> 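To start, I am sharing the structure in question, which I have written as structure tokens.
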Amino acid sequence: MAAPRRFAQLSVNSPLKKEIESKPKKDDEKKPTQLSLDMFDVGKPLGQGKFGNVYLVKYKKYDYVCALKVIFKRQLQKCGMGIQMKREIELQSHLNHPNILKLFGFFEDKNRWFLVLEYCKKGELYGLLQQAGRFDERRAARYIKATTEALKYCQEMNCIHRDLKPENIMIDHNDQVKLADFGWSVHTNTKRNTYCGTLDYLCPEIVLEKYYDGSIDQWCLGVLTFELCTGEPPFQSNSREEVMKKVRNVKYSFPSYLTNDCKDFINKLIQYDPSKRMIMEKQWENYQILHSKDVILEDSHDWTLNTLLRGLDISFSTNHPNLAIGCLVVCEYPSGKELLTLTCRKIITIPYISGFLGFREVEVYHELLNDCKEKYPELYPQVVLVDGNGYYHPRRFGSATHVGVYCDIPSIGVAKTVLCVDGIGKKEINIITSQIKPGESTTVSTSNGEVLCEVIRSRGGSINPIIVSCGNKVSLSTAVIICKECCLHKIPEPIRLADLISRKLLRDEGLLSHMN
DNA sequence: GCGACAG
DNA sequence: ATCTTGTCGC
């Protein structure tokens with residue numbers, strides 16, 4: 001314990017590392033250079049904290065400027081953080097990422113720990129934020145993106161930061177983000193309102209003293225985004241109790257100047273239920289994979305020549321957070337006669353996140369389609385109608401397109417509602433619908449002339465439209481023809497049946513909330 | 001007929 | 001994820 005600590009693992013390009021490696025390994029002694037205070041010129045203090053100060057220092061041998069964090073063992077012990085400190089150093093020294101502050105090395109004397117850290121000329125992001133009041137979304141997004149990269153890396157390394165806030169994000173001379181302070185942080189109680197301290201970034205499970213996991217960093221990322229874009233943390237209040245109450249109730253509101261995209265992003269991260277917080281890993285990965293594949297928006301077959309064309313639909317319904325019952329209904333086209341019904345019960349591991357449509361569903365749909373292909377190959381559908389938007393989606397990738405591309409099958413998106421794209425929302429669609437005759441349809445385009453979808457007004461008296469958009473390998477005009485044929489009711493028959501069947505199954509199993 | 005629910 | 005709607009269960 002009292003023996004001098006060895007050098008921590010160094011980043012590849014660290015000058016300190018070069019020195020160690022250039023030293024001839026004499027004898028069998030593998031002990032690397034032992035750092036000590038006299039190897040540094042100590043300059044001006046960079047910051048003060050609860051456990052000690054940070055100084056600008058120069059590593060004499062190479063004239064290399066670093067930050068030296070001094071932590072008094074006494075203070076640390078008083079807070080019962082002695083052992084934690086060592087674990088944190090071990091952890092931090094193994095992290096190597098462009099957006100994580102590098103720990104070059106560490107050493108100790110009788111009373112103090114010394115951490116040799118990367119020097120960041122522009123200091124804490126907190127300071128820059130104070131100067132600016134608030135950042136415009138473009139600038140905030142740059143910081144958030146880099147921070148996300150760092151957090152993603154942390155998650156891969158099974159490390160939870162736990163203490164994300166603008167005080168712990170350093171900005172170097174190149175304006176690059178460097179995430180700092182992995183737990184042993186020098187708490188900067190001088191800057192933030194001492195009364196609330198770092199309470200602003202606490203998530204509900206911490207406030208309620210429940211178990212927590214890596215998703216607390218997602219919560220904090222949402223809070224951070226809010227603070228960078230507005231200058232104030234979302235749950236700010238006069239008293240500790242008030243903040244905690246607001247956090248428990250997830251009660252916060254946006255200033256009017258924020259864009260919808262920004263609010264949306266924050267909303268997806270600041271979620272009470274940890275499993276509902278937007279995650280960087282799987283969703284994003286799937287999203288990228290699917291986006292890298294080609295979506296075909298034209299007819300891949302001459303549908304009109306095939307009189308035996310079958311329509312199919314699958315739907316998906318859940319109340320239990322992770323349980324889904326999917327249903328696939330094959331109908332004869334164009335009569336709409338039901339030929340086959342398959343269901344699938346599956347535990348979904350991906351959380352539902354609005355705006356990231358299709359990721360949860362696609363697993364279930366895929367299984368159903370495979371099942372059909374294996375057992376009833378003659379009934380395998382040529383085209384699937386999917387409940388929800390298709391290519392017409394703010395991210396240009398709705399459920400129907402996901403299913404179509406993922407399962408490599410022609411697909412059509414059939415939605416009852418619209419998501420706002422380029423100023424076209426529910427209200428605009430309703431106006432458009434009211435201008436067309438029952439049973440007729442019209443194409444809706446954005447201001448650039450890009451076609452989004454076709455709105456069909458049902459044959460009955462309702463002005464509630466059916467919105468058809470391209471999924472994959474089916475053109476919009478063909479999609480509309482097929483859809484109209486399948487519309488015995490307002491929702492195309494296969495979708496309607498699948499919806500009813502999957503919901504009935506859930507109900508029968510007592511998995512819909514009104515049953516208990 | 002009324003209430004719940006739909007992702 | 002708030003359909004001034006459609007459907008089902010009770």
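What you see below is based on every heavy atom in this structure, not just the backbone, and it leaves out hydrogens, waters and symmetry mates. The structure displayed is predicted, hence computed values, not measured ones. Throughout, protein chains are lettered first and strands after them, A, B, ... in sequence-line order, and every chain is numbered starting at 1.
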> For T230(A) and E227(A), test the side chains for any donor-to-acceptor distance below 3.5 angstrom and give the result as yes or no.
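No - no donor-acceptor pair under 3.5 Å links their side chains.
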
> Assess whether a salt bridge exists between E440(A) and R457(A), defined as any Lys/Arg side-chain N lying under 4.0 Å from an Asp/Glu carboxylate O.
no

> May I ask you to decide if the ring planes of Y153(A) and H97(A) are parallel, tilted or perpendicular, using 30° and 60° as cut-offs?
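Taking H97(A) first and then Y153(A), their aromatic rings sit tilted (interplane angle of 30° to 60°).
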
> May I ask you to evaluate whether K426(A) reaches the phosphate of dC3(C), defined as a side-chain N or O under 4.0 Å from OP1 or OP2?
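Yes, such a contact exists.
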
> Find the distance D499(A):CG to dC3(C):C1' and express it as a whole number of Å.
14 Å

> Quick one: do D175(A) and K122(A) make a salt bridge, cutoff under 4.0 Å?
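Yes, this pair counts.
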
> Which residue pairs pass the side-chain hydrogen bond (donor to acceptor under 3.5 Å, both in side chains) test with at least one member in residues 467-481 of chain A, sequence neighbours excluded?
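Pairs touching residues 467-481 of chain A that pass the test: D299(A)-S475(A), D299(A)-T478(A), D408(A)-K473(A), S475(A)-S477(A), S475(A)-T478(A).
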
> Can you list every stem that DNA chain C is part of, counting only runs of 3 or more consecutive Watson-Crick or G-U wobble pairs with both distances under 3.5 Å?
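Stem segments, range with range: B:1-6 with C:5-10.
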
> Without decimals, in angstroms, what is the distance between R503(A) CZ and dC8(C) C1'?
8 Å

> Indicate whether any N or O donor in one side chain lies under 3.5 Å from an N or O acceptor in the other, for T442(A) and E454(A).
no

> How far does the C1' atom of dA1(C) sit from the matching atom of dA4(B), given to the nearest Å?
15 Å

> From CD1 of I466(A) over to P of dT5(C), roughly how many Å is that when rounded to an integer?
15 Å

> Below 4.0 angstrom from OP1 or OP2 of dC8(C), is there any side-chain N or O of R507(A)?
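Result: no.
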
> Drop me the distance from E232(A)'s CD to R134(A)'s CZ, to the nearest 0.5 angstrom.
11.0 Å

> Could you measure between the two P atoms, the one in dC3(C) and the one in dC2(B), and give it in whole Å?
22 Å

> Applying a 4.0 Å non-hydrogen cut-off, can you work out what L500(A) is touching in the nucleic acid: base, sugar-phosphate, or nothing?
sugar-phosphate

> Using whole Å, report how far CD of E361(A) lies from C1' of dA1(C).
13 Å

> Whole Å only: how far is the CD1 atom of I463(A) from the P atom of dT5(C)?
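It is 8 Å, rounded to the nearest whole Å.
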
> Expressed as a whole number of angstroms, how long is the span from K416(A):NZ to dC5(B):P?
16 Å

> Calculate the interatomic distance between I501(A) atom CD1 and dA6(B) atom C1'; express it in whole Å.
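In whole Å, dA6(B) C1' and I501(A) CD1 are 16 Å from each other.
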
> K504(A) NZ to dC5(B) C1': how many Å, rounded?
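After rounding, the reported distance stands at 16 Å.
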
